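Counting convention: from 1, in listed order, for ligands and their atoms alike. Just so you know, these numbers come straight off a predicted model, no measurement behind them. For the numbers below, each heavy atom of this structure counts, side chains included, while hydrogens, waters and symmetry mates do not.
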Amino acid sequence: MSISKNSQRPFTVIVEGNIGSGKTTFLQHFNKFDDICVLAEPIELWRNCNGHNLLGLLYEDRKKWSFTFQSYVQLTMLEQHTKLTDRPIKLMERSIYSARYCFVEKMKQDGLLSHASAAVLDKHFEWVKEYANVGVDLIVYLRTSPHVVYERMMLRNRAEEKSVSLEYLQALHQIHEDWLYHKTIFSVAAPVLVLNANLDKSVIHEEYMKCEPQILNRTL
Ligand code: DCP
């Protein structure tokens, strides 16, 4: 694995959006293209870090585990950004950017990270941005309303997420909006394509198809 900033990287697309916005379904839609290296979010690693379910621990006791969890997220996301591929296009579920700008930010707002822990995460993030090959070329924002994703989350019934409230999803939604839609907080690393991800799964593939030219022909 190379993390040289100067090494060539494929045209890199990151898919962002609230919990339950359909990022995994979006990725599946693009699995059929031979030119694309599709990298799903490493959630299974977060569930099993040498036998520890960090995602479960996080939701059991946020104050105790926020730093540990986000430290590991940063590492696994760095691995995804720098993973080598022969394919000309890389499509990633989430990124080191949403980890910092959405989730770490929310933890800071909620007082779940001590100032010292937040500083360590920020130092690491700033180093990665400066020296590692984590550039992106396009951001796909799956825009949803919090009520829709709350219902989806309840339906899929992921064991670790039982304690996730509508209020939490509303706050995360607002952060995604401010970052990718209004562009009023943080820098945006690439052009943003906004999709209506509230649509039902019976018609969502038509919405996803709108991205195909930008991703496959890179015409943005
Ligand atoms: N998570 C977190 N911090 C991060 C990334 C994710 O706390 N930096 C948590 C939030 C969710 C779980 O991990 O409980 C997975 O969230 P995602 O939104 O990344 O993935 P989903 O599986 O919800 O995506 P989708 O339903 O859109 O396919």
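- Checked by atom type, the side-chain pair Q174/D178 shows a donor-acceptor distance below 3.5 Å.
- Inspection of the Y131 and E126 side chains reveals no N or O donor paired with an N or O acceptor under 3.5 Å.
- Atoms of ligand 1 found under 4.0 Å from any heavy atom of V73 (numbered from 1 in listed order, with element): 8 (N).
- Side-chain N/O atoms of T68 and S71 include no donor and acceptor closer than 3.5 Å.
- Ranking the protein heavy atoms by distance from atom 25 (P) of ligand 1 puts K23 N, 3.5 Å first.
- Against a heavy-atom cut-off of under 4.0 Å, E93 is close to the following atoms of ligand 1: 24 (O), 28 (O).
- Sparse packing is recorded around NZ of K201, with 12 or fewer heavy atoms of other residues, nucleotides or ligands lying under 6.0 Å away.
- The closest heavy-atom contact to atom 4 (C) of ligand 1, among the options F103, Y168, Y97, comes from F103.
- Backbone and side-chain nitrogen or oxygen atoms of T25 are examined, and none is located within less than 3.5 angstrom of a nitrogen or oxygen of ligand 1.
- Taking the charged nitrogens against the carboxylate oxygens, D122 and R100 do have a contact shorter than 4.0 Å, which makes a salt bridge.
- Each of the atoms 26 (O), 27 (O) of ligand 1 lies under 4.0 Å from some heavy atom of S21.
- Checked against a 3.5 angstrom limit, the closest N/O atoms of Y59 and ligand 1 fall inside it.
- The nearest protein atom to atom 23 (O) of ligand 1, hydrogens excluded, is given as R156 NH2, 2.8 Å; this is a heavy-atom distance.
- Of all protein heavy atoms, the one closest to atom 12 (C) of ligand 1 is E161 OE2, 3.5 Å.
- The proximity of V164 to ligand 1, defined as any non-hydrogen pair under 4.0 Å, does not occur for either the backbone or the side chain.
- Polar contact with ligand 1: present for G22 (N/O pair, distance under 3.5 Å).
- Protein heavy atom nearest atom 20 (O) of ligand 1, with residue, atom name and distance: E41 OE1, 3.1 Å.
- In L58, the part holding a heavy atom less than 4.0 Å from any atom of ligand 1 is the side chain.
- Ligand-side atoms of ligand 1 in range of T24: 28 (O), range being under 4.0 angstrom from any heavy atom.
- Close N/O approach between A99 and ligand 1 is not found [any backbone or side-chain N/O within under 3.5 Å].
- Defined by atom type and a distance below 3.5 Å, a donor-acceptor pair is present between the side-chain atoms of E212 and H29.
- Of the protein's non-hydrogen atoms, the one nearest atom 6 (C) of ligand 1 is W46 CZ3, 3.6 Å.
- At a 4.0 Å heavy-atom cut-off, ligand 1 does not touch M153 at all.
- For atom 3 (N) of ligand 1, the nearest protein heavy atom (residue, atom name, distance) is Q70 NE2, 2.9 Å.
- Looking at atom 22 (O) of ligand 1, its nearest protein heavy atom turns out to be R158 NH2, 2.8 Å.
- One finds the CD1 atom of I89 at 7.5 Å from the CZ atom of F11 (value rounded to the nearest 0.5 Å).
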Evaluate the criterion side chain to side chain donor-acceptor pair (under 3.5 Å) for residue pair E177 and Y141; output intermediate values, then yes/no.
CA-CA 9 Å; E177 286 284 282; Y141 174 32; 2.6 Å; yes
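- In this structure, E93 and L27 approach most closely via the heavy-atom pair CB-CD2, 3.8 Å.
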Could you walk me through whether Y59 and F69 pass the ring pair (Phe, Tyr, Trp, His ring centres under 6.0 Å) check?
CA-CA 10 Å; Y59 285 127; F69 182 74; 7.6 Å; no
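- Ring orientation note: the planes of Y101 and Y97 are tilted relative to one another, at an angle of 30° to 60°.
- A salt bridge does not link E16 with K23: none of the charged nitrogens is closer than 4.0 Å to a carboxylate oxygen.
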